[in-house]
Structures are given as C-alpha cells and as structure tokens.
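Written out below as structure tokens is the structure these notes cover.
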Number of protein chains: 2
Amino acid sequence: MSKDKTIKRKDQITLIAQNKFREKGYRAVSMRELADHVGIEAASFYNHFNSKESILKEICFRMADEFFNSLEKVTHDEKLPDKILEKAIQSHIKVITSNTDASAVFFLDWRYLSEPVLSEFLELRRKYENIFRKIIKEGMDKGIFEKLDETFTVLTIFSSLNWVYEWYDPKGKFTPDQIAENLSKLILDGMRKQ
Amino acid sequence: MSKDKTIKRKDQITLIAQNKFREKGYRAVSMRELADHVGIEAASFYNHFNSKESILKEICFRMADEFFNSLEKVTHDEKLPDKILEKAIQSHIKVITSNTDASAVFFLDWRYLSEPVLSEFLELRRKYENIFRKIIKEGMDKGIFEKLDETFTVLTIFSSLNWVYEWYDPKGKFTPDQIAENLSKLILDGMRKQ
DNA sequence: TATTTTCGCTAACAACTGTTAGTAAACAAT
DNA sequence: ATTGTTTACTAACAGTTGTTAGCGAAAATA
C-alpha cells in the first residue's frame with residue numbers, strides 16, 4: 001500500500017479546496033466545481049473524504065494545530081510578559097502569512113462545521129486565546145501593562161492579528177516579521193504603562 | 001396606495017433576513033427558510049424584492065449609508081487629527097453596536113454580491129477608509145502621530161473596530177461609548193509620539 | 001503470478017435551490 | 001360602486017446540491 005500517493009492526493013485536494021473556499025466561501029463551492037479543479041469527478045472525492053464537511057474540518061483543524069505548535073515553541077523561551085507577547089504575536093503572524101488560504105477558511109468558514117465538531121473547534125480556539133489572556137494578565141499584574149479589561153484587550157489584539165490574511169501580500173513591502181514588529185509596536189505601546 | 005404598509009413589510013423582511021444571514025451566513029439561508037420566519041411563502045418575497053441578492057444588497061448598502069452619514073456629522077466638528085480620529089472611532093462603533101446583525105452581514109456576506117453591485121460596494125468601502133487614511137496622514141504630517149505606514153495603520157484600526165459586532169453585548173459591561181473610548185486609547189496611545 | 005486494495009469512472013438518487021406564471025383576495029383610489 | 005394596485009397564494013420549472021451504488025482498471029501486497 002503506497003501510503004505516499006494517498007497522502008499526496010488528499011493533500012492536493014485540501015490545497016485546492018483551501019484555495020476555492022477562500023475565493024468563494026465554503027457554501028458557494030460545489031463538489032463538482034472542486035472536482036473540476038482537481039481533475040477528477042465529484043464522486044471520486046469520497047475515496048479520500050467522507051463528506052464535503054470533512055474537507056472543511058481537515059483545513060480548520062490543521063490550522064489550529066499549526067497555531068498551537070508554533071506558539072508552544074515560543075512561550076517557554078521568554079520570561080517577561082511583554083517579550084513573551086511579542087514572540088507570541090510573531091508566531092501567530094508567521095502561521096497566518098504562510099497559510100493565507102487556509103487562514104481565510106479558518107477565520108471565516110469554521111461556522112459551517114456542524115456539531116459536535118463545531119464545539120470541538122470552538123474549544124480549541126478558546127484554549128488558544130486563553131494562553132494570550134494569561135500572558136496579558138501577568139503583564140498587568142506585574143505592572144508592565146496598564147490595567148485594562150483582559151477580555152477586551154485579547155479581543156482587540158486578535159482582531160488586528162487575524163485580519164492580516166486579508167491584506168498580506170508575499171510580494172508586498174512588508175515581510176511577516178516586519179508586520180509582526182509593527183503590530184507589536186502598535187499594540188504594546190498602546191498597552192504599556194507610560 | 002398605502003405606502004406605509006409596503007415599507008413595513010419590506011423592513012420586516014430586511015430585519016429577519018439580517019438576523020438569519022448573521023446566524024447562518026447568506027448562502028446557508030434559503031428563501032423558504034426565510035419565508036417561514038416571516039410567515040409567508042417563498043414566492044411572496046418577489047412582491048417586495050427582485051431577488052434574494054437584492055435583499056443582501058439592501059442590507060449592505062443601508063449599512064454603508066449609516067457609516068457615511070454618521071461620520072459626516074463628526075469630521076467637521078473637530079480640528080485636531082487625534083481628536084477627529086477619536087470622534088470618528090466613536091461614530092464607527094456607534095453604528096456597529098446599534099446594528100449588530102446588519103454589521104455581521106455587512107462585514108461577512110458582502111462577498112456574495114455579484115457584479116456590478118460588488119464593485120459599487122467596494123468603491124464605497126474604499127471611500128470610507130480613505131477618510132480615515134486622510135485623518136491619519138494629517139496626524140503624521142503634523143507630528144502628532146508617529147510616522148508609520150498609513151495603509152498598515154488604517155488596516156489595523158479597522159480590523160480592531162470591525163470585530164466589535166462579534167462580541168458586543170448590549171447587556172455586557174461595556175457601553176458603546178466605553179468601547180470606543182478603550183479602543184481609542186489603545187490605538188491612539190500606540191500611534192502617538194511619546 | 002495471484003490476490004487484494006486503492007482509486008477512478010458513470011449513472012443515478014432524492015432533496016433542495018432561486019425563481020416564474022397564473023390567480024384570487026384584500027385594499028386604496030376614483 | 002367600480003376601478004386599479006398590492007400582496008398573498010399554489011404549482012411548477014429547470015438547475016444544482018451532496019452523496020451512494022456498482023463497476024473496472026491500476027497498483028500494491030503476498
């Protein structure tokens with residue numbers, strides 16, 4: 001059994017699906033349209049996926065994995081809350097900018113997941129956000145950040161970060177690191193006690 | 001001809017459509033489902049709208065109007081760029097928080113508009129963003145804001161502001177004005193020269 | 001080489017999609 | 001009272017949706 005080839009076709013489908021879902025939105029892309037782009041018939045998908053939704057699930061949970069894995073490597077390196085936050089932002093931006101299509105699906109089309117997968121997804125997202133919340137709380141407790149509402153601050157940070165997939169251009173004037181640096185500056189200077 | 005009643009039914013449809021589109025996404029709501037909630041048959045919509053898309057169009061362009069009208073009243077009152085920006089943010093947040101359903105449709109479902117309406121919509125959005133861009137540029141030129149990339153700054157501001165519809169709760173601990181105040185503080189302190 | 005598994009195809013399904021035609025009741029205007 | 005208009009209905013359309021069944025060729029395993 002050539003596991004390689006199976007994985008390759010499955011990955012190819014995921015890649016094309018990401019691209020099409022991003023372009024038109026999950027609900028607006030039919031299996032037949034997807035099939036055309038892959039170069040197979042719609043029915044052949046079911047040798048690789050159980051359903052259309054399971055493609056969406058794959059994309060969303062892969063991204064969740066990427067976010068977690070990338071963040072994990074970072075949070076143990078630094079000690080100071082503002083430095084940790086800076087690194088965490090950098091990690092987050094790196095994941096988004098190296099998967100813009102998947103990011104768009106992750107941020108927009110997760111809502112088309114049905115239960116119980118939907119709850120699973122939201123739980124993951126909550127956990128991830130909580131890591132940031134903890135960093136911020138620590139910064140406030142240690143007097144490095146100004147005492148603002150945590151939830152509010154986390155929401156605002158994520159909204160700035162998560163919008164990057166929309167406008168990031170690999171050929172544009174900002175590298176992912178520069179974007180992270182600018183966002184960190186904008187956000188951290190707004191939070192820091194002065 | 002009782003124009004009143006016509007307008008009322010049309011408004012009722014728009015209101016329910018906003019709510020359902022927000023809940024499930026435009027493409028996931030069928031005319032029959034919408035009809036059930038209004039209490040009519042799907043075919044009866046066509047006495048009030050030409051198409052499903054024209055309901056979406058109505059919602060999106062109404063919101064655009066609200067944003068423009070609200071902003072216009074503000075920008076002539078103040079003179080200093082940071083004060084103008086503060087007022088503009090307040091105006092923007094006020095529009096979002098008093099139309100959360102419509103905002104969700106405005107920010108998420110506009111992409112399902114088809115040409116030429118889509119281009120019309122994007123042009124409006126561009127115009128609106130440009131007003132903010134001008135304010136920021138003036139602030140930078142006058143040395144009130146730090147010299148950062150304008151486009152980048154505008155994108156970041158809007159991403160924080162436009163996410164508010166997602167989490168704003170009329171019964172929550174923040175009033176729209178408090179949200180605007182906090183966002184202004186976070187953003188402006190990040191931008192201001194120190 | 002023989003056998004099993006993988007992966008593609010065609011054909012078809014039942015349900016659902018937005019929308020139109022035709023019609024009748026309710027309503028407003030004359 | 002008689003128009004004309006608005007608004008709802010039923011029935012149906014043509015097309016699309018995700019998905020399954022059944023089949024054959026190719027590929028991997030033995």
Side-chain angles (χ1 to χ4, degrees), chain A residues 1-21 23-60 105 109-118, chain B residues 1-21 23-60 105 109-118:
Chain A
M1 176 178 62
S2 143
K3 203 76 188 171
D4 298 309
K5 207 177 181 186
T6 310
I7 288 174
K8 266 204 179 149
R9 180 41 63 106
K10 229 193 155 187
D11 278 354
Q12 186 203 3
I13 291 173
T14 310
L15 230 59
I16 290 173
Q18 279 171 15
N19 187 257
K20 286 288 141 194
F21 291 168
E23 195 181 311
K24 314 183 72 182
Y26 173 73
R27 294 292 296 239
V29 180
S30 73
M31 292 298 261
R32 282 165 184 84
E33 189 184 344
L34 222 47
D36 274 349
H37 283 90
V38 180
I40 56 173
E41 290 298 316
S44 305
F45 278 116
Y46 295 83
N47 290 315
H48 307 281
F49 293 91
N50 302 326
S51 61
K52 186 188 179 189
E53 197 181 317
S54 71
I55 307 179
L56 178 62
K57 181 183 168 183
E58 177 106 353
I59 298 170
C60 289
V105 177
D109 290 331
W110 60 267
R111 54 194 267 150
Y112 298 112
L113 293 169
S114 61
E115 296 293 358
V117 178
L118 178 61
Chain B
M1 177 178 62
S2 143
K3 203 77 187 170
D4 298 309
K5 206 176 181 186
T6 310
I7 288 174
K8 268 207 178 144
R9 179 41 63 104
K10 230 193 153 184
D11 278 354
Q12 186 205 2
I13 291 173
T14 310
L15 230 58
I16 291 173
Q18 279 171 15
N19 187 257
K20 286 289 141 193
F21 291 169
E23 196 181 309
K24 314 182 73 182
Y26 173 74
R27 294 290 297 238
V29 180
S30 73
M31 292 299 261
R32 282 165 184 85
E33 189 184 344
L34 221 48
D36 274 348
H37 283 91
V38 179
I40 58 174
E41 291 298 316
S44 305
F45 277 115
Y46 296 83
N47 289 314
H48 306 280
F49 292 91
N50 302 327
S51 62
K52 187 189 178 189
E53 196 181 317
S54 71
I55 306 179
L56 178 62
K57 181 182 169 185
E58 177 107 351
I59 298 171
C60 290
V105 177
D109 291 331
W110 61 267
R111 56 193 278 171
Y112 298 111
L113 293 169
S114 61
E115 295 292 358
V117 178
L118 178 61

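Below, chain A is the first sequence line, B the second, and so on; all start at residue 1.
Listed nucleotides C:dG8, D:dT19, C:dT20 differ in distance to A:Tyr46; the shortest reach to its side chain belongs to D:dT19. Among the nucleotides C:dG18, C:dA21, D:dT19, the one closest to the side chain of B:Lys52 is C:dG18. When each of C:dC9, C:dA21, D:dT17 is scored by its nearest atom to the side-chain atoms of B:Ala43, the top-ranked nucleotide is C:dA21.
Nucleotides of DNA chain D nearest to A:Glu33 and A:Asn50 differ in position, and the one nearer the 5' end is that of A:Glu33. Each of A:Ile40 and B:Glu53 was assigned the nucleotide of DNA chain C with the nearest heavy atom; the assignment lying further toward the 5' end belongs to A:Ile40.
The backbone N or O of B:Ile40 lies less than 3.5 Å from no partner atom in the side chain of B:Ser44, so there is not a single donor-acceptor pair.
Using a cut-off of 4.0 Å between Lys/Arg side-chain N and Asp/Glu carboxylate O, A:Glu41 and A:Arg32 are scored as not salt-bridged.
Within 4.0 Å (heavy atoms only), B:Val29 reaches sugar-phosphate atoms of the nucleic acid but no base atom. Note on B:Ser30: only backbone sugar-phosphate atoms sit closer than 4.0 angstrom, heavy atoms only; bases stay farther off.
Taking 4.0 angstrom as the limit, A:Ser44 places a side-chain polar atom (N or O) nearer than this to OP1 or OP2 of C:dC9. One finds no side-chain N or O of A:His48 lying less than 4.0 angstrom from the OP1 or OP2 phosphate oxygen of C:dT6. Regarding contacts with the backbone of C:dT6, every side-chain N or O of A:Arg9 stays at 4.0 angstrom or more from both OP1 and OP2.
Other residues, nucleotides and ligands place more than 12 heavy atoms under 6.0 Å from the NZ atom of B:Lys20. The environment of A:Lys52 atom NZ is dense: over 12 non-hydrogen atoms of other residues, nucleotides or ligands sit within 6.0 angstrom.
At whole-Å resolution of the value, CE in A:Met31 and C1' in D:dG18 are 7 Å apart.
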